[in-house]
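Comments concern the structure below.
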Amino acid sequence: MKYSTYIFDLDGTLLNTLTDLAASCNYALRVHGMPEHSVDDVRRFVGNGVRVLMERAVPDGAANPGFEAVFATFREHYMHHSLDTTCPYPGISETLSELKNRGCRLAVVSNKMMAATVELCHHFFPDTIEVAIGEHEAEGIRKKPAPDTVFAALAQLGVEKEGAVYVGDSDVDVQTAANAGLPCISVLWGFRNRDFLEKHGAKTFISAPYELL
């Protein structure tokens, strides 16, 4: 089926952000004298927003008396280093351009901080991604897997959910699509593998971006 609107996750779907996330995570832990993690550890930590990432990385999580200071250090470092190694997955930019040329509407919804989500989309996809929405508690919009950010993206695009599809790489994305009442396409180049995704309800998979065309 061809769709007219594509709502994309960002990390692990459009952009490979893992190395920069791991670097900022470990920088914050190191500054505060806490044990660091491997990139594979961080891969398992991501998907529910950066606060949850750091709750998983810090010993005893949010209950740790030093958690807020570590989290603040992470946020500051990542906002200055989110472009160090991050780049689109192969074929993503070309696929987005072709979808745009075909008249499709394109948006991103992410559990990443709003400022970082907007900055990354503007940097890498200025001519294709029309709407970029990240975590922004001040607006009272719940993060994924709640459907709020998907509905906000559809509203900003000025389209209905009929003809729309959600594209992501994680179990959170599968649940987000279900909560929004959208079909979901799970990508296999991201932070989760097929077995994991199938166990969490994913049914439609692609192995390369061009399969969206």
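Heads up: numbering here begins at 1 and tracks the sequence.
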For residues Cys25 and Met54, report the shortest heavy-atom separation together with the two atoms involved. SG-SD, 3.9 Å
Please find the pair of heavy atoms, one from Glu55 and one from Ala62, that lie closest to each other, and give the distance. OE2-CB, 3.9 Å
To the nearest 0.5 Å, what is the distance between CG on Asp195 and NE2 on His200? 12.0 Å
How far apart are the closest heavy atoms of Ser186 and Val174, and which atoms are they? OG-CG2, 3.8 Å
Nearest 0.5 Å, what's the NE2-CD1 distance between His122 and Ile129? 10.0 Å
Look only at the side chain of Asn193 and the backbone of Phe196, and say whether a donor-acceptor pair between them is shorter than 3.5 Å. yes
Sidechain-backbone polar pair: Glu211 side chain, Ala208 backbone, donor-acceptor under 3.5 Å: yes
Audit row: Tyr89, Val187, side chain to side chain contact (heavy atoms under 4.5 Å, CB included) steps and yes/no: CA-CA 11 Å; Tyr89 288 100; Val187 308; over 6 Å; no
Can a donor-acceptor pair be found, under 3.5 Å and without considering hydrogens, that links the side chain of Asp148 to the backbone of Arg142? yes
Of all the heavy-atom pairs spanning Ser4 and Glu162, show the shortest one and how long it is. OG-O, 4.3 Å
Following the transitive rule for hydrophobic clusters with a side-chain heavy-atom cut-off under 4.5 Å over Ile, Leu, Val, Met, Phe, Trp and Tyr, establish whether Met79 and Val31 coincide in one cluster. no
Is any NZ, NE, NH1 or NH2 atom of the basic residue among Arg192 and Asp169 found under 4.0 Å from an Asp or Glu carboxylate oxygen of the other? no
Is Asp41 paired with Arg56 through a side-chain N to carboxylate O contact shorter than 4.0 Å? no
Mark yes or no for whether Asn64, through its side chain, and Asp60, through its backbone, hold a donor-acceptor pair below 3.5 Å. no
Nearest 0.5 Å please: distance from the CZ atom of Phe74 over to the CZ atom of Phe67. 10.0 Å
Passes side chain to side chain contact (heavy atoms under 4.5 Å, CB included), Phe124 versus Leu120? Steps please. CA-CA 6 Å; Phe124 289 108; Leu120 288 169; 3.9 Å; yes
Quick one: are Thr5 and Glu160 in side-chain contact, heavy atoms under 4.5 Å? no
Do Thr17 and Ser82 come close enough that some side-chain heavy atom pair is under 4.5 Å? no
Is the backbone N or O of Ser170 less than 3.5 Å from a side-chain atom of Asp173, with the two atoms forming a donor-acceptor pair by type? yes
On a heavy-atom basis, which atom in Ala22 and which in Val39 lie closest, and how many Å separate them? CB-CG2, 4.1 Å
Beyond-backbone contact of Val58 with Leu29, side-chain heavy atoms, under 4.5 angstrom: yes
Can you find a heavy atom in the side chain of Ile7 that is under 4.5 Å from one in the side chain of Leu157? yes
Decide if atom OH of Tyr210 counts as having more than 12 heavy atoms of other residues, nucleotides or ligands within a radius under 6.0 Å. no
Counting only N and O atoms by type, is there a donor-acceptor contact under 3.5 Å from the side chain of Asp20 to the main-chain atoms of Thr85? yes
CA sep, side-chain torsions, deciding dist, call: Thr149, Lys144, side chain to side chain contact (heavy atoms under 4.5 Å, CB included): CA-CA 7 Å; Thr149 49; Lys144 301 184 300 183; 3.7 Å; yes
Among the clusters formed by ILVMFWY side chains lying less than 4.5 Å apart, do Val42 and Met34 turn up in the same one? yes
Less than 4.0 Å between a side-chain N and a carboxylate O, is that true for Glu68 and Arg51? yes
Quick check on the hydrophobic clustering: are Leu18 and Leu197 connected, directly or via other members, by side-chain heavy-atom contacts under 4.5 Å? no
Would you give the length of the straight line joining atom OG of Ser207 to atom CZ of Arg194, rounded to the nearest 0.5 angstrom? 7.0 Å
cation_pi(Arg105, Tyr6) dist<6.0 Å, angle<=45: no
Side chain to side chain contact (heavy atoms under 4.5 Å, CB included) for Thr117 and Leu10? Distances and angles first, verdict last. CA-CA 8 Å; Thr117 300; Leu10 188 60; 4.2 Å; yes
Hey, does Leu21 have a side-chain heavy atom less than 4.5 Å from the side chain of Val46? yes
What's the separation between atom CD1 in Ile185 and atom OG1 in Thr13, rounded to the nearest 0.5 Å? 11.5 Å
So do Leu212 and Glu98 actually touch side chain to side chain, heavy atoms under 4.5 Å? no
Is any side-chain heavy atom of Leu106 closer than 4.5 Å to one of Leu96? yes
Would you say Asn179's side chain and Pro145's backbone share a donor-acceptor pair under 3.5 angstrom? yes
Under the 6.0 Å and 45° cation-pi test, does Arg30 pair with Tyr27? no
Within the 4.5 Å heavy-atom criterion, are Thr73 and Tyr78 side-chain neighbours or not? no
Rounded to the nearest 0.5 Å, how far does CZ of Phe191 lie from CG of Asp11? 5.5 Å
Same cluster (ILVMFWY, side-chain, under 4.5 Å), Leu14 and Leu83: yes
Are the side chain of Lys2 and the backbone N or O of Leu213 linked by a donor-acceptor pair below 3.5 Å? yes
Is there a path of hydrophobic side-chain contacts, each under 4.5 Å between heavy atoms of I, L, V, M, F, W or Y residues, that connects Val109 with Val52? no
Of the non-hydrogen atoms in Glu135 and Asn111, which two are nearest, and what is the gap between them? OE1-O, 3.3 Å
Just by distance, do the side chain of His32 and the backbone of Gly66 share a donor-acceptor pair under 3.5 Å? no
Could you tell me whether Lys100 and Glu130 make a salt bridge, using a distance below 4.0 angstrom between a side-chain N and a carboxylate O? yes
